[in-house]
Amino acid sequence: MMLVSMAACKSNPNVVPGVRPQPDDGTEESSTSIETGKILPAWMEGEMDIHFINTTTGECTFIIFPDGTQMLIDAASSTVATNSNRNTTNAGIRSRWDPTLTSTRGSEIIADHIKKCMEWTGNNTLDYVVFTHFDNDHIGGYTSDLPLSSNSSGYRLNGASEILDLFDVSKLIDRGYPDYNYPIDLVNQASNRSCIKNYVEAVRWHVENEGLNAEIFKPGVSTQIVPKTGDFDVKVQNVAVNGEIWTGTGTSVTKTFPALSEITVADPSDIKGTDNCPFENICSCVMKISYGNFDFFAGGDLQYNSRSTYAWKDAELPCAKAVGQVELMKANHHGVTNTNQADALKYLNPQAIVVCSWVDCHPRTSVLDIMGKTLPEADIFITNFWKGTRPDGVDDQVTEEEAARVKGYDGHIIIRVTDGGMKYNVVTTTDSDGTMTVKSVSGPYSSR
């Protein structure tokens, strides 16, 4: 795999934005020319691409808006080693492809993929980078043997920090800037504080030395993330963050989580068991991204632990109610237990569900069962789908019926929206060879 360098991110004079490169035989290509066994045709102006980039180390979504504006959501780069822990074993999915054997960081794979997309768009800037929350599989893990940034000895390269070093970023948005103190002092008290500190050091260096525009995610608004032009019917609706949840009307939000002044934590390394302290996943930045009639729900790691005792801990259902029906949803929190509940799925009613998986029990078989019973007509796509024996005591083996409902898996999952948002295809491409060769195509689906 050829990995991106700073030089590779410079302008390409041979690329004309919005013009698809022509095939060698001189015939014109279109989205209908997506064929298995061939490289995915280049994005073209007027199309919206949503790339669920597979690194086997977490979650990452790269979006090209119809005018060529580009947004990255999360940077999958956990440092969890292959088969290092029973509850997070990934030996099954990595039997197909294990980037860690070549010491390849997830952010290197992401950067290489983005660079190829930038050749399509002619836009060498990440206009928006959003980090939904501060878990290692979303912003990058940390170990002391990671390479130091050439900018500063204050942070090492992996995940978000490496993306910031490799690309020009116009605006960074996360759930904690600038204080990173909700619900606790994240840099000094969180269980993964070394990872968060590395991330924060990188953000602050780029703000102070390169003028990076960094902001906290603003719930309820649709003006924080906007395409560079107004030529297409595109809208990014901020839905929720830190327990402030959009009501579905205007810009109004409801505050559901305890205020910072009300939070007391006996053990900052284990806040999941406390009754008044939100844990990291349900603090996620949540969005609805729309192009014409096409809607995409991006819920980060939303879930609903302990909602029977503490109703406010269910951020998943109120977000689904506010958003309503969509065409596409990213399965919340990789499809683990206590996520993607039936009542939330009924409100969202997606035609397609993408699971960003990076351990063998993603998604849980119980969640696959809920999806199948609640939305029998929805198609499911999974970046890594291990159908073999799952970790002892963690999950049952996937049934033939459950496996049959998965339409595409083991690769990058790419949604290409066309016709002003009226139609879309879901494409599974190769991941390990860096070519985006098409493995399967589902669709076209008609937006509702």
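Along the sequence shown, residues are numbered consecutively beginning with 1. These figures come from a predicted structure and were not determined experimentally.
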Are any side-chain N or O atoms of [X] and backbone N or O atoms of [Y], one a donor and one an acceptor, separated by less than 3.5 Å?
X    : Y    : value
N124 : M118 : no
N181 : I184 : no
R204 : P178 : yes
E280 : F134 : yes
Q189 : D185 : yes
T399 : E402 : yes
D295 : E327 : no
S357 : V359 : no
S78  : N136 : no
R307 : Y304 : no

What's the separation between atom [atom1] in [X] and atom [atom2] in [Y], rounded to the nearest 0.5 Å?
X    : Y    : atom1 : atom2 : result
I173 : I216 : CD1   : CD1   : 11.0 Å
I225 : E215 : CD1   : CD    : 9.5 Å
L302 : N281 : CG    : CG    : 8.5 Å
N340 : I353 : CG    : CD1   : 7.0 Å
I63  : L126 : CD1   : CG    : 12.0 Å
H138 : D174 : NE2   : CG    : 14.0 Å

Residues K116, E119: salt bridge by 4.0 Å N-O rule:
no
Give a yes-or-no answer on whether the side chains of [X] and [Y] include a donor-acceptor pair shorter than 3.5 Å.
X    : Y    : result
D137 : H334 : yes
K197 : Y180 : no
T121 : Q70  : yes
S366 : D369 : no
H333 : Q303 : yes
R94  : N384 : no
N338 : E316 : no
T256 : T254 : no
T435 : T430 : yes
D74  : T132 : yes
D360 : N90  : no
T125 : D127 : no
Y424 : Q351 : yes
S284 : D301 : no
N332 : T339 : no
N276 : Y310 : no

Are the side chains of [X] and [Y] in touch, meaning some heavy atoms are under 4.5 Å apart?
X    : Y    : value
C319 : W246 : no
T429 : D431 : no
Q224 : F217 : yes
W97  : D410 : no
K330 : C356 : yes

Centroid-to-centroid, Y199 to Y142, below 6.0 Å?
no
Tell me if the aromatic rings of H113 and H412 count as close, with their centers under 6.0 Å from one another.
yes
Any residue meeting side-chain contact (heavy atoms from CB on, under 4.5 Å) with N151, in chain and number order, not counting sequence neighbours:
S149, Y155, D165, W205, H206
Is R416 close enough and on-axis enough to W120, meaning under 6.0 Å and within 45°, for cation-pi?
yes
Give the minimum heavy-atom separation between [X] and [Y], together with the two atoms involved.
X    : Y    : answer
T82  : A91  : CG2-CA, 3.8 Å
A403 : V398 : N-CG1, 3.8 Å
Q397 : G388 : CG-O, 3.7 Å
E162 : S107 : OE1-OG, 2.7 Å
T69  : N123 : CA-ND2, 4.2 Å
A111 : L166 : CB-CD1, 3.6 Å

Side chain to side chain contact (heavy atoms under 4.5 Å, CB included) for I73 and M287? Distances and angles first, verdict last.
CA-CA 10 Å; I73 305 174; M287 291 170 277; 3.6 Å; yes
Could you walk me through whether Y128 and V226 pass side chain to side chain contact (heavy atoms under 4.5 Å, CB included), step by step?
CA-CA 9 Å; Y128 299 95; V226 294; 3.7 Å; yes
Test of understanding: with salt bridge (charged side-chain N to carboxylate O under 4.0 Å, His left out), list the residues that count as partners of R156, not counting sequence neighbours.
none
What pairs with R390 under salt bridge (charged side-chain N to carboxylate O under 4.0 Å, His left out), at least two apart in sequence or on another chain?
D395
Please assess L172 against V203 for the test side chain to side chain contact (heavy atoms under 4.5 Å, CB included), listing each intermediate value before the final yes or no.
CA-CA 8 Å; L172 177 145; V203 171; 4.0 Å; yes
Under the criterion side-chain hydrogen bond (donor to acceptor under 3.5 Å, both in side chains), I'd like the reasoning laid out for S77 against R105: C-alpha separation, chi angles, the key distance, then a yes or no.
CA-CA 6 Å; S77 301; R105 297 181 295 280; over 6 Å; no
Does the pair Y409 and T428 meet the rule for a side chain to side chain contact (heavy atoms under 4.5 Å, CB included), with working shown?
CA-CA 7 Å; Y409 58 91; T428 305; 5.9 Å; no
Assess whether atom NZ of K439 is packed by more than 12 heavy atoms of other residues, nucleotides or ligands within 6.0 Å.
yes
Enclosure of F62 CZ (heavy-atom neighbours >12, cutoff 6.0 Å):
yes
Apply salt bridge (Lys or Arg N to Asp or Glu O under 4.0 Å) to R405 and E400, showing your working.
CA-CA 9 Å; R405 296 196 64 243; E400 291 185 8; over 6 Å; no
